[in-house]
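Worth knowing before you read on, the calculation uses all heavy atoms, side chains too, and leaves out hydrogens, waters and symmetry mates. Chain identifiers are assigned alphabetically (A, B, ...) following the order of the sequence lines, protein sequences preceding nucleic acid strands; residue numbering begins at 1 within each chain.
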Amino acid sequence: MKMEQFNNRNVSENGYYLVDIEDYPTDGWGKFKRVVKRTFRGELFVGLWVVMREMVKFDVHTIQYPQEKMPIGPRYRAMHEMKRLWESDAERCIGCGLCEKICISDCIRMDTKIDENSRKEVSSYTINLGRCIFCGYCAEVCPELAITHGGEYENGSEQREHFIMYEDMLTPIDVMKAGAQVEFEGFGAITPHEDARVKKTPLAY
Amino acid sequence: MDTAYLIETVIKVVVILLVFSALAGIGTYFERKILAFMQRRLGPMNVGPYGLLQVAADGVKLFTKEDIIPTNVVAPIFKIAPVITAATAFIASAAIPFLPQFTIFGYTVHPIVADVNIGILYILGVMAVGLFGPLLGGMASANKFALLSAARAAAVFISYEVVSGLSALAPIMMVGSLSLIDFNNYQAGGIGNWIVWSQPVAFILFWIAAFAETGRTPFHLIANDHEIIDGFGTEYSGMRWGLFFIGEYANMFFISFVIPILFLGGFGDGSVLGAFALLGKMAFFFFFFLWTRAAWPDVRPDQLMWLCWKVLMPLAVINVVITGLVMMY
Ligand code: SF4
Ligand code: SF4
């Protein structure tokens, strides 16, 4: 893309022109003429015609919200989701705690323990959606693409605190088995055909 | 004054009160729907089929809300002001012939409460009294926006009243009577006899004045939401506010009856067709009130006064003089 069109500050040669506004009349006769001209130009009828045309066309744009919803983009940052691994259906979260650390509104609280396989396991994990500002840092920092944002935005609550638990965010196992887990397409997500683009790490530095 | 006449009058009064109170409610429904369609919206949709019961919901809300009298208001005037607006609108309707006379069970009914011989003067006068509602309500409210609105009400009042009176004067000279029944009979001969053909200027002026009279959009400056909140209605709540509302809408309906009767033939020769024609004309003028609300901007108070005093009033006077000259020779 060429930058010239942005760097050129010579306004006058770029097709800009001054709007042709008549001088305001100063004497009585001029004002009278202006009133007469405006009165008989019929501009009021243009307005009437426009709204009547829209009424007859009946091109209604209302979305009746609770019954109808707008499609929202895949990158929309609404309520969090916890993903599972495609290979084993196991939880992706490795309990590294990075999301808890980076969260700028301190709304993630998590605890981990070592399970019987000597693997770190999340024992409790909550997000206080009442404080979350949906900035997306947690999803961005997660090394496993485990926590992502989903499209569910109807999280109204009667209280200021509104906690969402790990179990609520986790992809249900039957959804996983059906292969219906939806990946987040926003920032930090795997780009399509990522496998084909993987290269061996060059060791010859 | 015999008993039958008394009973008939009471029945007519009750019918008019009921019909036009209900119409005022339904009018708000039409207003919302038509404005919505003109702005590519749907309007009320959720209460009842196509939002039809919205009127009932609003009514229940207005009737059950607490009637708040704020601390610093002049309570008696504050309380009576909405009643003035609503009552005068209905009192004015007494001289309007809504339909041609018809016979039911061998009894001839005149659908006009009182065919007074000063009909149009009476209607304009009583409707003008209705403006005391906003004026007194606004001044008694102890609220600066209400006070501004009252000042505007006074300005509007003295501006449009001259225009509506003078513009109605020319047709009155032609008919030679103030009774609306006489106006109707004068134009009963068909479309060619309508006064609008001989008095087009008076028709337009009266129509413009009607907008100021009812406070509808081009001249909605008494209660302009975006400038002075709800003007005189700011401090009102519940049914007192509702009375202002009913008064405004009833006024719109009544003036929509008066304009066709004055200028557009009324109910014509009194046949059923003529009755429906009057209702159709009334519907058009009511629709036009809503139509302009969607299409036109509001004028400033000084512009309204400028328009009324410097443009419309001279035109009306010239119109009266020319009418007089033509009638003399
Ligand atoms: S979106 Fe931002 S505020 Fe919300 S939990 Fe993640 S890091 Fe914290
Ligand atoms: S969600 Fe991601 S960042 Fe947070 S603890 Fe689990 S793996 Fe770490």
Side-chain angles (χ1 to χ4, degrees), chain A residues 17-73 76 78-79 151-159 162, chain B residues 30-51 54 163 200-201 204-205 207-208 211 216-220 283-300 302-316 318:
Chain A
Y17 59 91
L18 291 175
V19 182
D20 187 23
I21 297 178
E22 281 174 47
D23 284 339
Y24 288 112
T26 45
D27 55 336
W29 177 237
K31 281 183 186 163
F32 179 74
K33 274 196 298 187
R34 188 179 63 167
V35 167
V36 172
K37 207 168 98 190
R38 285 182 175 175
T39 307
F40 290 104
R41 206 154 46 173
E43 279 169 342
L44 287 177
F45 295 97
V46 177
L48 286 179
W49 155 243
V50 167
V51 290
M52 184 47 108
R53 185 188 65 202
E54 294 306 323
M55 179 165 151
V56 172
K57 266 204 290 189
F58 204 66
D59 182 17
V60 169
H61 292 256
T62 305
I63 293 168
Q64 293 180 275
Y65 164 63
Q67 292 101 33
E68 302 173 6
K69 286 183 188 171
M70 289 266 273
I72 61 167
Y76 192 77
M79 276 218 265
E152 179 59 48
Y153 50 82
E154 287 170 333
N155 52 351
S157 170
E158 290 166 355
Q159 294 169 354
H162 175 61
Chain B
F30 283 134
E31 167 151 39
R32 290 181 189 184
K33 275 292 185 193
I34 288 171
L35 277 182
F37 293 156
M38 287 182 168
Q39 295 162 354
R40 297 191 188 160
R41 294 184 287 113
L42 276 176
M45 283 298 280
N46 286 322
V47 194
Y50 298 99
Q54 186 74 45
V163 179
V201 178
I204 303 274
L205 294 184
W207 201 359
I208 294 175
F211 275 92
R216 296 299 299 185
T217 266
F219 307 136
H220 187 227
F284 169 76
F285 281 102
F286 186 77
F287 174 75
F288 200 83
F289 277 123
L290 313 183
W291 194 4
T292 54
R293 176 152 183 210
W296 292 351
D298 272 314
V299 300
R300 294 195 311 261
D302 64 315
Q303 286 171 329
L304 172 66
M305 283 185 276
W306 176 88
L307 183 74
C308 281
W309 287 109
K310 288 195 184 167
V311 180
L312 301 186
M313 192 194 69
L315 278 179
I318 293 172

Compile the donor-acceptor pairs under 3.5 Å between side chains in residues 283-293 of chain B and protein atoms, sequence neighbours left out, one pair per line.
{"unit_1": "B:Trp291", "atom_1": "NE1", "unit_2": "A:Leu48", "atom_2": "O", "d": "3.1"}
{"unit_1": "B:Thr292", "atom_1": "OG1", "unit_2": "B:Phe288", "atom_2": "O", "d": "3.1"}
{"unit_1": "B:Thr292", "atom_1": "OG1", "unit_2": "B:Phe289", "atom_2": "O", "d": "3.0"}
{"unit_1": "B:Arg293", "atom_1": "NH1", "unit_2": "B:Glu31", "atom_2": "OE2", "d": "2.5"}

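When each of B:Pro218, B:Ala295, B:Gly43, B:Ala36 is checked for heavy-atom pairs under 4.5 Å with chain A, B:Ala295 comes out on top.
With a threshold of 4.5 angstrom between heavy atoms, A:Val60 approaches chain B through its backbone and through its side chain. Contacts of A:Gln64 with chain B are made by side-chain atoms alone, with heavy-atom separations under 4.5 Å and no backbone atom involved.
Heavy-atom proximity under 4.5 angstrom to chain B picks out A:Val51, A:Met52, A:Glu54, A:Met55, A:Phe58, A:Asp59 from residues 51-59 of chain A. Residues of residues 24-38 of chain A lying within less than 4.5 angstrom of chain B, judged on heavy atoms, are A:Val35 in numerical order.
Annotation for A:Phe45: atom CZ does not count as buried by contact number, only 12 or fewer foreign heavy atoms lying within 6.0 Å.
Considering all non-hydrogen atoms of both residues, A:Thr62 and B:Leu42 come closest at OG1-N, 3.0 Å.
In this view, A:Ile21 and A:Val19 satisfy the side-chain contact (heavy atoms from CB on, under 4.5 Å) rule, not counting sequence neighbours.
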